[in-house]
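Read the structure below first, then the notes.
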Amino acid sequence: MTDQTLRVTVTRQEPGEEPRDETFDVPFDDRTSVLDALDWIKDHSAPSLTFRWSCRSGVCGSCGVMVNGRPVLGCETTVAGYRTSGLTVGPMAHATVQRDLAVDTDEFLAKLRGVSPWMLPTPPVLQPAGAPGPHPSPDAESQDPSAVPSLDVLAVHSQTPGQVEAYRGLSQCIDCMLCYAACPVLDDVAGFTGPAAVATARRWDLDSRDDGNETRFLALAENEEGIWPCTQVGACTRACPKGVDPAKAIRDYQREALG
Amino acid sequence: MSAALAAVETFAAEGRDDAVVALVSKVYPMRSHTVAAEGGAAGVVPGGADTAEQHVADTLRGGAGLGHDDAVRFVVDRAPAELARLERLGMPWSRTADGDPAVRRFGGMTNPRTWFAADKTGFHLLHTLFQTTLREPSIRRYDEHVVLDLLLSDAPSSDAPSSGASRPSSGAGSQSPADASRAARGVVAYDQQRGEPVTILAAAVVLATGGYARAWGTSTNAGIVTGDGLSMALRAGLPLRDLEMVQVHPTCLPGSGILITEAARGEGGVLVDAAGERYLADYGLGPVTPVGEPAARQMELGPRDKLSQAFWHADRAGRTIPTRDGGVVHLDLRHLGKAVIDERLPLVAGLARRFGGVDPVREPIPVRPAAHYTMGGIVTTAHGQVLDAAGAPVAGLFAAGECASTGLHGANRLGSNSLVETLVVGRAAGTLAAAPSSPSEPLSSSGPPSTAARPASSAPPSSAVPSSQSQDPGEAALVDRARARAEHWLAMRGRGTESPAEIRRELGTVLDAEVGIFRDADGLARAAATLEDLHARYQDVRVADTAAVFNTDWSQVLELGAMLAVARGAVAAAIGRTESRGAHQRLDHPHTDDVARHSLVTLDAAGAVEVRWQPVDAAVSAAAAATPGKDHR
């Protein structure tokens, strides 16, 4: 970092208290990210500043924040562009603030779980022969831990590159919740299943190996907070840092449901 | 999560509907560092030219004498089944035109055997497993719980009855003294969301806490990779093996250390110096392969340690391009073309554009080495069973993944062997942990050691577990000890004067400078002196924040303490290893000893680091003696 500084305002909030803004002068250069700036503040000025982060390379999904009202990943957003405007960092919208920039994640995970984001029907468990364990199953060839697995445990589905391509884009979701922060529908319908969960439901539906479409369709179409609150503003798709298109996923479900 | 799913499957197979798995993590599980693994996972595809024997041979060659034949074979034999199982769970493996899972070349591997999902293999692996765990009601998640310490039963005194039942496999001929036997009883953790300590009592504990490469200032690792599990094991009196073996990845973005996967070279990327020369040929990695035609174990596909060493020499020979983050070389992908880059390496392309400031379709990527993977870890058998300092199994305690030293990687890990290790050893450990022969009943959770009670819905009361053994007279004492441990750590809040940020910075700087690609006695002595100073200052480390909820000032100081503890062990072992082997290269000791020995680091009663040396043969024998099922042979 150089000796030039940038004015960074952070919206802080202790549990059970009202939010308040604090402003810091943070040194920066052309590579300094919002996350770097938060780190600097925590190390040099406000040790109690609370924010999540981990990979610093845009894949773990931990560091979503609002910067000047727009949801972004802190690690991949540089601050230099805000040199003239200054920047205000706040917690992601449409989520309960736990402390400062850390917001509730359980509500999102409950919505995600609600769409059954796993292979349906559940694939059988094939125990490799010789798997460690005290109880030999009747069909196990051997309990010798050095035995090689029998062939059926090597069974895989066939799936062409084209079939992978059908759901590849939707499988890029990193659960960062930026799309929820961006979605204006959540202002009014807090229970809306929401962009990322619907996109992930679609990811499984479009996977040639999965047969759970009916289960997910019921969860989304026969639930007034499933896909119906969406008004196709498209804010989710614009906010996604991974190029996922949740708006299209929701639109496709709505069209299917309307026949 | 592989261990958790294996345990759940074991419970289901045995009809035990009362058994639960507590998945305790300091972050939400889908944030774990597995998410950042890029290149792929190695597994021999049956029916092709590749063989398990060749995978074993490649892995042992990479391990430079510290690999264990049986541990390598254990993972290699089970790798294809685990990768296929992940496929059946929905893993989006990249495919051949015929619809089969595709494999790519990787450094140090004789044949292409790396299964991949573009260059986001770890991300897809983690999310496939995480989403699968969501369907299992018997996996109880304890998200954002910082584990403070392991709870182990005391070693029984010599006149007490030996708890032989808790030692499922130690033979009569075991050399370990019976009174050294200890057993895992659970963990004491801190719930960051509720702001209270939580004691989780369990019949078995599987540590899957990752490595310690974040201690280095320039590292490919996420902020959470701080050696927590290793430092807990060290405090519990358990040995850590080969801590000095730290793999430095040759191709990372300067400054940030962000990883540019080896797959970029597997797909045909080449490395050139400031003059545009394929410099690797001058440092023993030739002959030069034609651009776009990578060949096994040559040039850019040589082992990682050799590539990092070549960089070191090239840098000192003035052949690198100077930048504010040190010298760099160029990783050139341009000849691959946009289509291949976008299809096979989309993450790399995005990282280069966003964090490196270059478009790899049009410009070469500036790269330099960074600390990447730590081979050292908690001593275990091939199945992940943890062994104590005497080589005896600690009943009910397992470790899997980067925190474990099973003997798979030896002195240097081959790329794409670590993801598959998490699956295979995780599965083995989870299965053994769930086995009913464990000393007491499956996992139960008590209330927190504080008087505040958790809602019954999120923590099953221990009375829900019908078991004669849950009346263990030691349980009350255990909860008392957990409370004391929690209070010990909590007392750090609101105290101290030394800046944790400054200690962290100095730690990273000295490890980068002195404990990197090449080491020598003088540099290691400087590192040791710095670490002793930092250790002393850490005793008065400042935790300014006194809040109960989400006190990350405190939790980051705990992580710093773990990194410091493990780094002290790594430097002590590096000083003692007066040879060059695998990832440990001594400028002052370039030879390799005839007898391969493991370093074993422990703490003495006063907290001083002790290093002793164990021939590999003896370690293999100890692991074999502690391996279940050997009686069936």
Side-chain angles (χ1 to χ4, degrees), chain A residues 14-15 31 42-44 47-48 50 53-62 76 98-99 102 105 109 112-113 116-119 122-123 125-126 128 131-135 137 142-146 148-149 151 153-161 163-164 167-168 171 174-175 204 207 209-210, chain B residues 9-10 13-14 27-28 30-31 33 35-36 46 70 73-74 77-78 80-81 84-85 87-90 92 94-95 97 99-101 120 123-124 131-132 134-135 193 222-224 255-256 258 347 351 354-355 383 428 431-432 435-437 501 544-545 547 549-550 552-553 627-629 632-633:
Chain A
E14 291 294 322
R31 273 197 325 215
K42 188 172 183 68
D43 284 351
H44 295 91
S48 64
T50 300
W53 62 282
S54 180
C55 77
R56 312 192 78 99
S57 54
V59 68
C60 78
S62 301
E76 59 176 32
Q98 292 171 308
R99 193 182 186 201
T105 305
L109 287 180
L112 182 66
R113 187 176 186 284
S116 304
W118 48 76
M119 186 75 88
T122 304
V125 175
L126 306 173
H135 291 328
S137 55
S142 161
Q143 278 301 108
D144 180 350
S146 66
V148 292
L151 263 184
V153 304
L154 299 175
V156 292
H157 302 87
S158 180
Q159 191 169 54
T160 65
Q163 288 173 320
V164 175
Y167 67 94
R168 190 188 63 80
S171 74
I174 60 173
D175 296 345
W204 286 97
D207 189 326
R209 301 168 292 182
D210 172 86
Chain B
E9 288 160 9
T10 304
E14 291 167 357
V27 293
Y28 280 87
M30 72 284 192
R31 315 291 190 213
H33 188 51
V35 82
D70 59 342
R73 192 161 292 277
F74 182 79
D77 284 346
R78 284 157 184 76
R85 173 186 140 76
E87 195 284 333
R88 296 193 297 273
L89 291 175
S94 291
R95 302 280 177 157
D100 297 323
K120 303 182 181 182
F123 162 75
H124 286 299
Q131 292 180 10
T132 301
L134 290 177
R135 79 173 186 218
Q193 298 187 7
I224 58 177
S256 64
I258 288 173
L347 180 63
L351 293 172
R354 198 170 279 277
F355 298 102
H383 295 72
T431 304
L432 286 175
S437 61
D545 191 1
V549 173
F550 279 103
T552 53
D553 188 26
T627 297
H632 295 274
R633 286 186 204 212

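All of these numbers come straight from a predicted model, not from anything done at the bench. Letters go in sequence order (proteins before strands), and every chain restarts at 1.
- Panel note: side chain B/Arg95, backbone A/Thr160; no donor-acceptor pair is recorded below 3.5 Å.
- Interface remark: of the candidates A/Pro117, A/Pro15, A/Ser48, A/Pro117 forms the most heavy-atom pairs closer than 4.5 Å to chain B.
- Among all heavy-atom pairs drawn from A/Trp118 and B/Gln131, the shortest one is CE3-O, 3.3 Å.
- Ranked by non-hydrogen atom pairs under 4.5 Å with chain B, the options A/Met119, A/Arg56, A/His157 are led by A/His157.
- To the nearest 0.5 angstrom, B/Ile224 atom CD1 is 3.5 Å from A/Ser54 atom OG.
- Residue A/Arg168: no heavy atom, backbone or side chain, is found under 4.5 Å from chain B.
- Rounding to the nearest 0.5 Å gives a distance of 11.5 Å between OH of B/Tyr28 and CG of A/Asp175.
- Put simply, the side chain of B/Arg135 never gets that close to the backbone of A/Ser116: no donor and acceptor are under 3.5 Å apart.
- Note that the CZ atom of B/Phe550 and the CD atom of A/Gln98 stand 4.0 Å from one another [nearest 0.5 Å].
- Atom-to-atom distance recorded for B/Arg31:CZ and A/Cys60:SG is 6.5 Å, nearest 0.5 angstrom.
- Across A/Leu154 and B/Ala81, no two heavy atoms sit closer than the pair CD2-N, 3.4 Å.
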- Task: Would you check, one step at a time, whether the test salt bridge (charged side-chain N to carboxylate O under 4.0 Å, His left out) holds for A/Arg99 with B/Asp545?
- Result: CA-CA 13 Å; A/Arg99 193 182 186 201; B/Asp545 191 1; 2.8 Å; yes
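- A pairwise comparison of heavy atoms in A/Ala155 and B/Ala84 identifies O-CB, 4.0 Å as the closest pair.
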- What's the verdict on side chain to side chain contact (heavy atoms under 4.5 Å, CB included) for B/Ile258 and A/Ser57, showing C-alpha distance, side-chain angles and the deciding distance? CA-CA 7 Å; B/Ile258 288 173; A/Ser57 54; 3.9 Å; yes
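- Using a 4.5 Å cut-off between heavy atoms, A/Val156 contacts chain B through both its backbone and its side chain.
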- Verdict with reasoning, B/Leu134 to A/Arg113, per side chain to side chain contact (heavy atoms under 4.5 Å, CB included): CA-CA 6 Å; B/Leu134 290 177; A/Arg113 187 176 186 284; 4.2 Å; yes
- Passes side chain to side chain contact (heavy atoms under 4.5 Å, CB included), A/Glu14 versus B/Val549? Steps please. CA-CA 9 Å; A/Glu14 291 294 322; B/Val549 173; over 6 Å; no
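- In this structure a side-chain-to-backbone donor-acceptor pair under 3.5 Å is present from A/Arg209 to B/Glu87.
- Counting heavy-atom pairs closer than 4.5 Å to chain A, the top residue among B/Gly99, B/Ala36, B/Ser94 is B/Gly99.
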- Given side chain to side chain contact (heavy atoms under 4.5 Å, CB included), test B/Met30 with A/Ile174 step by step and report yes or no. CA-CA 8 Å; B/Met30 72 284 192; A/Ile174 60 173; over 6 Å; no
